[in-house]
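Hydrogens, waters and symmetry mates are skipped; everything else that's a heavy atom, side chains included, is used.
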Amino acid sequence: MGRELFEFYDIHGTPTVMILTAEGQEVDRIVGFHLPPDDYMARVQEIEQGDNTLLQMVQQLEDDPGNLDLLTRIIRWYEDNSSMQSTQEYAEAILENADAAREFMVPVGEDGAEISAYEYASFASVYTSLGHLVHFVEEFPQSILIDNVFYRLGQYARRDEDSEAAVAQMNEYLGTRRFRHNVGLISAFIRYAMSANTELERACELAEYIRTEHPDRMNSRIRRTHAELALRAGQEDVAVQVYGSEYVMAEDVWADDHELNSYSWFWALQEANLESAKAAIDRAIEINPQDDNLWDTLSMVLWKMGNHAEAINAERHALELVGGSNDSYEERIRDIQGDMDGAEG
């Protein structure tokens with residue numbers, strides 16, 4: 001039943017809070033954890049009053065079906081809520097009015113940049129078929145949205161029904177002078193290689209290109225991916241160079257308990273670079289000692305270091321912080337205890 005609801009309402013992540021009419025028609029939704037409590041309640045009240053909602057825009061569009069502003073705002077709503085598959089009918093309504101849509105400008109991003117409604121509708125269509133994606137790249141190769149388009153290409157490459165054609169298209173683009181050094185396209189290929197566990201050396205080379213030629217684009221996600229690729233290729237020294245102590249002790253990372261936690265969890269799963277992982281999670285707990293997730297990660301790191309008793313104590317503390325009941329934490333304690341008993345036996 002849950003999967004059917006997700007598909008019916010085009011939900012792609014949790015938490016998603018939906019507000020419906022008595023007939024089941026969607027009024028609006030709130031996705032994710034990004035709103036602080038006061039803003040969250042204010043948005044709920046705004047939705048309850050029917051202001052600035054998806055339903056309000058759809059009803060207004062019924063009275064003015066060619067309104068480009070409304071059409072693009074509805075597409076923007078779906079994009080903001082990670083439901084791009086639902087945009088096609090609105091994108092088609094814009095594309096059918098191509099002359100006007102090419103003149104009507106809409107903002108994109110946070111820097112005030114603008115593109116035509118026609119380009120924006122073409123971009124929305126990218127999420128509904130690989131063919132639309134190829135058409136967009138042909139028509140708008142210089143688009144400021146091209147990285148988003150290549151990200152979608154990577155998603156197609158990891159989807160069984162589209163994989164063969166998408167990978168062929170990706171390789172075709174990588175073979176062109178225009179796109180061979182495009183960071184968005186390279187990142188898409190790297191994610192595909194990781195998912196399919198294929199062409200790892202080539203993916204490592206491409207990740208190294210980003211690291212050396214575009215260090216400003218080397219965010220934590222790409223670093224972790226590069227490190228895992230290197231580890232799969234048997235190059236632990238490269239992995240540590242890319243995503244090791246030099247990275248984690250940078251001032252901005254060393255002050256971010258969430259990033260420290262991600263770093264430590266990654267290395268615990270890899271069972272490598274554990275001393276650095278331990279230092280990082282200790283620092284994260286120093287920043288936020290009441291976060292049970294951090295203590296859970298500490299437990300994992302200690303376990304992989306062979307410190308079973310300390311690992312159990314850390315996990316028990318995580319359990320205390322959530323009120324004494326958590327299936328995942330309790331299972332981890334049993335697993336560590338079983339491992340310790342086996343080692344002693």
Kindly work out whether a path of hydrophobic side-chain contacts (I/L/V/M/F/W/Y, heavy atoms less than 4.5 Å apart) joins [X] to [Y].
X: Leu55; Y: Ile11; answer: no
X: Met249; Y: Leu260; answer: yes
X: Tyr329; Y: Leu298; answer: no
X: Val17; Y: Tyr78; answer: no
X: Met84; Y: Val126; answer: yes

Provide the closest heavy-atom pair for [X] versus [Y] in the form atom of the first, atom of the second, distance.
X: Asp339; Y: His308; answer: OD2-NE2, 3.0 Å
X: Phe104; Y: Leu68; answer: CB-CD1, 3.7 Å
X: Trp254; Y: Ala280; answer: CZ3-CA, 4.0 Å
X: Ala157; Y: Val167; answer: CB-CG2, 3.9 Å
X: Leu294; Y: Asn288; answer: CD1-O, 3.4 Å
X: Glu259; Y: Arg224; answer: OE2-NH1, 3.3 Å

Just wondering, do [Y] and [X] contact through their side chains at under 4.5 Å, heavy atoms?
X: Ile94; Y: Ile75; answer: yes
X: Tyr120; Y: Arg76; answer: yes
X: Tyr192; Y: Thr198; answer: yes
X: Asp147; Y: Arg217; answer: yes
X: Tyr90; Y: Arg73; answer: no
X: Leu95; Y: Ser122; answer: yes
X: Leu61; Y: Val58; answer: no
X: Met18; Y: Val27; answer: no

[X] side chain to [Y] backbone, donor-acceptor under 3.5 Å:
X: Ser129; Y: Ser125; value: no
X: Glu330; Y: Asn326; value: yes
X: Thr87; Y: Ser83; value: no
X: Arg158; Y: Gly154; value: yes
X: Asn81; Y: Trp77; value: yes
X: Ser187; Y: Val183; value: yes
X: Arg232; Y: Met194; value: yes
X: Gln56; Y: Asn52; value: yes
X: Thr176; Y: Tyr173; value: yes
X: Ser264; Y: Ile281; value: yes

Does [atom1] in [X] sit with more than 12 non-hydrogen atoms of other residues, nucleotides or ligands closer than 6.0 Å?
X: Glu201; atom1: CD; answer: no
X: Asp327; atom1: CG; answer: no
X: Asp39; atom1: CG; answer: yes
X: Glu164; atom1: CD; answer: no
X: Glu114; atom1: CD; answer: yes
X: Glu92; atom1: CD; answer: yes
X: His214; atom1: NE2; answer: yes
X: Gln337; atom1: CD; answer: yes

- Task: Begin from the C-alpha positions of Phe140 and Val149 and carry the test side chain to side chain contact (heavy atoms under 4.5 Å, CB included) through to its verdict.
- Result: CA-CA 10 Å; Phe140 303 103; Val149 173; over 6 Å; no
Approximate separation, where rounding is to 0.5 Å, of [X] [atom1] and [Y] [atom2]:
X: Asn307; Y: Lys278; atom1: CG; atom2: NZ; value: 8.0 Å
X: Ile190; Y: Cys204; atom1: CD1; atom2: SG; value: 8.5 Å
X: Ser116; Y: Glu103; atom1: OG; atom2: CD; value: 8.5 Å
X: Glu213; Y: Met218; atom1: CD; atom2: CE; value: 12.5 Å
X: Leu70; Y: Gln59; atom1: CG; atom2: CD; value: 11.5 Å
X: Trp295; Y: Asn313; atom1: CH2; atom2: CG; value: 9.5 Å

- Taking the six-membered ring for Trp and the full ring for Phe, Tyr or His, determine whether the centres of His226 and Tyr243 are under 6.0 Å apart. no
- Task: Taking the six-membered ring for Trp and the full ring for Phe, Tyr or His, determine whether the centres of His132 and Tyr127 are under 6.0 Å apart.
- Result: no
- Message: Holding to side chain to side chain contact (heavy atoms under 4.5 Å, CB included), I want the full list of residues that pass it with Glu331, two or more places apart in sequence or in another chain.
- Response: Arg334, Asp335
- Item | Listed partners of Arg221 passing salt bridge (Lys or Arg N to Asp or Glu O under 4.0 Å), at least two apart | none
- Query: Are Arg332 and Trp303 close enough, and set up right, to give a side chain to side chain contact (heavy atoms under 4.5 Å, CB included), and what steps lead you there?
  - Reply: CA-CA 10 Å; Arg332 181 123 45 235; Trp303 181 15; 4.2 Å; yes
- Message: Can you see whether Phe123 has Arg152 sitting over its ring - NZ or CZ less than 6.0 Å from the centre and within 45° of the normal?
- Response: no
- Query: In terms of side-chain geometry, is the basic nitrogen of Glu208 or Arg211 positioned less than 4.0 Å from the acidic oxygen of its partner?
  - Reply: yes
- Query: Using 4.0 Å as the upper bound for N to carboxylate O, is an ion pair formed by Arg43 and Glu46?
  - Reply: yes
- side chain to side chain contact (heavy atoms under 4.5 Å, CB included) between Phe150 and Ile186, intermediate numbers included: CA-CA 9 Å; Phe150 286 142; Ile186 291 172; over 6 Å; no
- Note on the structure: Between Asn67 and the options Asp63, Asp64, Asp69, the side-chain hydrogen bond (donor to acceptor under 3.5 Å, both in side chains) test singles out Asp64
- Item | Identified side-chain hydrogen bond (donor to acceptor under 3.5 Å, both in side chains) counterpart of Ser276 within the set Trp267, Tyr263, Tyr247 | Tyr263
- Does a donor on one side chain sit under 3.5 Å from an acceptor on the other, for Tyr151 and Arg191? no
- Steps toward side chain to side chain contact (heavy atoms under 4.5 Å, CB included) verdict (Ile47, Ile30): CA-CA 10 Å; Ile47 294 171; Ile30 302 173; 4.1 Å; yes
